[in-house]
Amino acid sequence: MWILSKHARQIALAQAELESLIVHRTAELQNLSQRLLQVQDEERRKIARDLHDTTGQTLAALKMSISYLQESCKQNSAALAAASDIEQLADQAIEEIRTTTYLLHPPLLDEVALLVLPSGTSTDSPSGVELK
């Protein structure tokens, strides 16, 4: 009987250790999952910002050049038509960049993130002002 009781205590102790290990590993997994989501969000935000700042600005400059070209080609209807076609393509590209940057990192994500931050958590806002 005493051997059975000792064996039951050992099993209970081993079970408690395993349960503790499961809780610890689950917490680690949750932390890693959260970190992965943060890294993905940061990367999406960076890509969206880069698209806006580089490609978006290049397309805006292209639109200005097209406007100048259209003014210069008012007498030549074929050149004016070609410039109008190019302008439509530039407008389409600008719209696609806007859509892509929005889909990569919708502004609503920043607003929702601020609402669900645990107290005491600090983060950098898009304006560069540290929030606490």
Side-chain angles (χ1 to χ4, degrees):
M1 181 94 148
W2 181 78
I3 293 175
L4 186 58
S5 174
K6 182 179 178 184
H7 187 63
R9 278 190 302 232
Q10 288 175 339
I11 290 175
L13 182 61
Q15 182 178 357
E17 288 176 4
L18 288 174
E19 288 174 357
S20 174
L21 184 61
I22 288 171
V23 168
H24 178 71
R25 295 288 192 236
T26 301
E28 283 181 353
L29 182 59
Q30 288 173 340
N31 288 337
L32 288 173
S33 295
Q34 184 178 15
R35 181 64 186 138
L36 176 62
L37 291 174
Q38 286 175 331
V39 168
Q40 287 174 336
D41 182 58
E42 289 168 8
E43 187 63 23
R44 285 187 189 115
R45 186 181 314 203
K46 181 186 178 306
I47 291 169
R49 186 174 40 246
D50 288 348
L51 278 173
H52 176 269
D53 292 348
T54 57
T55 308
Q57 298 305 313
T58 301
L59 289 171
L62 175 64
K63 285 272 295 178
M64 288 188 278
S65 296
I66 292 169
S67 293
Y68 174 75
L69 182 62
Q70 286 173 324
E71 287 295 320
S72 301
C73 295
K74 283 192 174 182
Q75 288 17 334
N76 185 343
S77 62
L80 189 58
S84 293
D85 290 343
I86 294 169
E87 182 181 32
Q88 288 177 350
L89 290 172
D91 287 338
Q92 180 182 349
I94 289 169
E95 192 58 36
E96 288 171 1
I97 292 293
R98 283 185 185 144
T99 301
T100 301
T101 57
Y102 179 82
L103 292 175
L104 278 169
H105 189 76
L108 184 60
L109 284 181
D110 289 329
E111 293 173 21
V112 171
L114 290 176
L115 295 175
V116 296
L117 281 177
S119 63
T121 302
S122 69
T123 184
D124 291 331
S125 73
S127 65
V129 176
E130 186 174 315
L131 302 175
K132 290 191 180 195

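Note that the structure is a prediction, hence the values are computed from the model and not measured. Any value given below was found using the heavy atoms of this structure, including those in side chains, with hydrogens, waters and symmetry copies removed.
The hydrophobic clustering, which links ILVMFWY residues whose side-chain heavy atoms are closer than 4.5 Å, places Tyr68 and Leu62 apart. The cluster map of Ile, Leu, Val, Met, Phe, Trp and Tyr, joined by side-chain heavy atoms under 4.5 Å apart, puts Leu59 and Leu104 in the same cluster. Linking Ile, Leu, Val, Met, Phe, Trp and Tyr whenever their side-chain heavy atoms come within less than 4.5 Å leaves Ile66 and Leu80 in two separate clusters.
Using modelled atom types, one finds a donor on one side chain and an acceptor on the other under 3.5 Å when comparing Gln92 with Glu96. For the 3.5 Å distance criterion, the side chains of Gln38 and Glu42 fail to qualify, holding no donor opposite an acceptor.
Rounded to the nearest 0.5 angstrom, Ile94 CD1 and Glu87 CD are separated by 9.0 Å. To the nearest 0.5 angstrom, Arg44 atom CZ is 11.0 Å from Leu103 atom CG. The CG atom of Leu36 sits 12.5 Å away from the CG atom of Asn31 when rounded to the nearest 0.5 Å. Between Leu69 atom CG and Asn76 atom CG the span is 9.5 Å, to the nearest 0.5 Å.
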*Apply the test salt bridge (Lys or Arg N to Asp or Glu O under 4.0 Å) to residues Arg98 and Glu95: give CA-CA distance (whole Å), side-chain angles for both, the deciding distance (0.1 Å), then the verdict.*
CA-CA 5 Å; Arg98 283 185 185 144; Glu95 192 58 36; 3.8 Å; yes
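Between Glu28 and Arg25 there is a salt bridge, since at least one side-chain N of the basic residue sits less than 4.0 Å from a carboxylate O of the acidic one.
For the pair Asp85 and Gln88, the minimum side-chain heavy-atom distance is below 4.5 Å. Under the 4.5 Å side-chain criterion, counting only non-hydrogen atoms from C-beta, Gln40 is not in contact with Glu43. Counting only heavy atoms from C-beta outward, the side chains of His105 and Ile47 never approach each other to under 4.5 Å.
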For residues 48-56, please give each side-chain donor-acceptor pair under 3.5 Å, one per line with the distance, not counting sequence neighbours.
from	atom 1	to	atom 2	distance (Å)
Asp50	OD2	Lys46	NZ	2.9
Thr54	OG1	Asp50	O	2.5

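Judged purely by atom type and a 3.5 angstrom limit, Thr26 uses its side chain to pair as donor or acceptor with the backbone of Ile22.
Around atom CD of Gln75, no more than 12 heavy atoms belonging to other residues, nucleotides or ligands sit under 6.0 Å away.
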